[in-house]
Amino acid sequence: MTPVTPEWAKVDLVTASIPLMVLLVILEMFLARHKGSRSYEVKDTAASLMMAVGLPLAAILTGWVGVAAGLAVYQHRLFDIGWTWWALILCFFAKDFTYYWMHRFCHESRFWWASHVVHHSSQHFNISTAMRQDWTFAFSMIFVNLMPMLFLGFPPAMIALFTGITGVYQVWIHTEHIGKLGPFEWFMNTPSHHRVHHATNPRYLDSNHGGFLIIWDRMFGTFVAERDDDPARFGIVSNLGTFNPLRIAFHEWVAIGRDLAGARSLHEVAGYVFGPPGWSPDGSRDTSASLRQKWRETSTPAPAE
Amino acid sequence: MTGIMPVLTFLGGSLAAVAVMVGLAAALGFWASPQIAGEADVRRLGEPYGGARHVAIDSSGNCALALLGDGRLLIARAMGNRIATRVLPLSAVAALRVDRPPQHAGIAVSLRVRDFSFPALQLHLAGNTVPDWLNGLKDGVRPS
């Protein structure tokens with residue numbers, strides 16, 4: 001029997017938070033203007049926000065795939081976990097843990113990167129960048145990260161609640177205007193950690209994948225601290241030459257299709273689809289690992305922070 | 001009908017909010033200025049690839065094209081506050097047109113590459129003579 005969802009947990013956090021997100025964008029724009037910062041640009045902001053407008057439409061058209069898959073798995077759950085205090089705590093950590101791994105895969109395998117690249121494609125880093133979200137999440141099956149929790153028996157509504165909390169939490173950390181936050185930097189994902197995550201500097205590539213907590217990056221070796229002597233350069237390694245939302249949404253899928261058309265073996269097909277972004281049979285393109293390697297070979301070692 | 005109305009209302013509200021935020025960004029002066037100020041900028045971009053042999057820059061500074069020392073092309077476009085670039089072999093060029101529009105001074109160059117994330121470059125070059133290297137480039141492109 002599916003446990004009854006308490007009334008307080010039925011709120012759609014993401015939708016309810018939209019007015020707050022709009023307010024944060026407006027406040028950050030005034031702050032940037034006041035400080036003389038170029039952290040906003042009209043066309044870039046318009047592109048990011050149009051991606052946000054398209055997101056619910058994509059969810060309506062394709063989101064049912066994830067919901068159907070999730071409910072099917074939940075039918076075969078191991079335990080009936082109810083809405084208890086210990087289940088809420090456990091669910092928070094389990095959700096953040098699975099988010100870390102899914103997010104890490106999104107950076108380390110092109111199939112998932114093809115969706116997630118959208119979020120990284122702005123050369124700016126501001127609250128509107130948080131809203132630049134992909135429309136192909138159902139196609140890339142990003143929902144698979146929820147399946148182990150559903151199989152264990154966490155109620156779908158509880159998982160949805162913590163998915164919303166993680167999503168809304170991450171809005172405010174997309175800013176250049178907040179520095180380091182003392183002891184919170186040890187365990188929370190903060191603006192500083194997330195600047196590193198969005199940076200293309202070789203030392204910062206593929207790091208800080210945490211959602212709410214940064215402890216998973218510290219545990220699994222992907223944590224990198226922001227350095228004053230290496231300010232983050234935002235965007236992607238091959239920055240887009242367009243603000244067109246359709247090109248932003250689908251460019252990497254089109255690139256995969258082009259590569260597959262020229263693939264000469266199953267090994268190449270697998271590499272182009274599931275290899276790290278930038279993989280090529282002859283190694284002529286750059287991956288995060290090759291960029292880091294080149295950077296190490298050419299830079300003078302600096303003391304770790 | 002009742003099912004579609006909340007979606008349309010939400011969509012309308014979202015578009016209105018986007019208009020407010022983008023309008024505010026414009027009112028606060030967050031307009032980008034062209035980043036490609038001159039040939040030196042493009043040559044600097046070409047340095048990691050053996051340097052630029054020839055350079056063509058759009059007269060408004062929006063985009064540029066360079067033939068690199070190793071025979072590849074560098075294309076650059078001012079995007080926001082930065083410059084987005086691609087370095088490509090000639091085989092990646094899908095179309096290249098070089099025209100001298102009779103009604104305008106200068107040369108119009110249109111270059112389309114096989115990269116969905118980088119739409120066609122439209123350069124307006126000062127002068128009335130098409131540089132030899134650009135003509136040579138045109139001859140080497142296999143249209144798709």
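Chain letters run A, B, ... following the sequence lines, proteins first and then strands; every chain starts at 1.
- There is no contact between Leu23(A) and chain B, counting heavy-atom distances below 4.5 Å.
- Minimum heavy-atom separation, Pro119(B) to Gly241(A): CD-O, 3.2 Å.
- Interface residue Ala32(A): backbone and side-chain heavy atoms are both found under 4.5 Å from chain B.
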Between chain B and chain A, which N and O donor-acceptor pairs fall under 3.5 Å? A table would be great.
residue: Leu28(B); atom: O; partner: Arg33(A); partner atom: NH1; Å: 2.9
residue: Phe30(B); atom: O; partner: Val42(A); partner atom: N; Å: 2.9
residue: Trp31(B); atom: O; partner: Arg38(A); partner atom: NH2; Å: 2.6
residue: Arg77(B); atom: NH1; partner: Gly241(A); partner atom: O; Å: 2.9
residue: Asn81(B); atom: ND2; partner: Arg38(A); partner atom: O; Å: 3.0
residue: Arg82(B); atom: NH1; partner: Gln123(A); partner atom: O; Å: 3.3
residue: Arg82(B); atom: NH2; partner: Gln123(A); partner atom: O; Å: 3.4
residue: Arg86(B); atom: NH1; partner: Asn239(A); partner atom: O; Å: 2.7
residue: Arg86(B); atom: NH2; partner: Asn239(A); partner atom: O; Å: 3.0
residue: Arg114(B); atom: O; partner: Arg258(A); partner atom: NH1; Å: 3.4
residue: Phe116(B); atom: O; partner: Arg247(A); partner atom: NH1; Å: 2.9
residue: Ser117(B); atom: O; partner: Gly241(A); partner atom: N; Å: 2.8

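- Contacts of Pro56(A) with chain B are made by side-chain atoms alone, with heavy-atom separations under 4.5 Å and no backbone atom involved.
- Between Leu240(A) and Met79(B), the shortest heavy-atom distance links the atoms O-CG, 3.6 Å.
- Using a 4.5 Å cut-off between heavy atoms, Val22(A) contacts chain B through both its backbone and its side chain.
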Step-by-step side-chain contact (heavy atoms from CB on, under 4.5 Å) determination, Phe10(B) to Ile60(A): CA-CA 12 Å; Phe10(B) 186 79; Ile60(A) 289 167; over 6 Å; no

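- Contacts between Ala46(A) and chain B at a heavy-atom distance below 4.5 Å involve backbone atoms as well as side-chain atoms.
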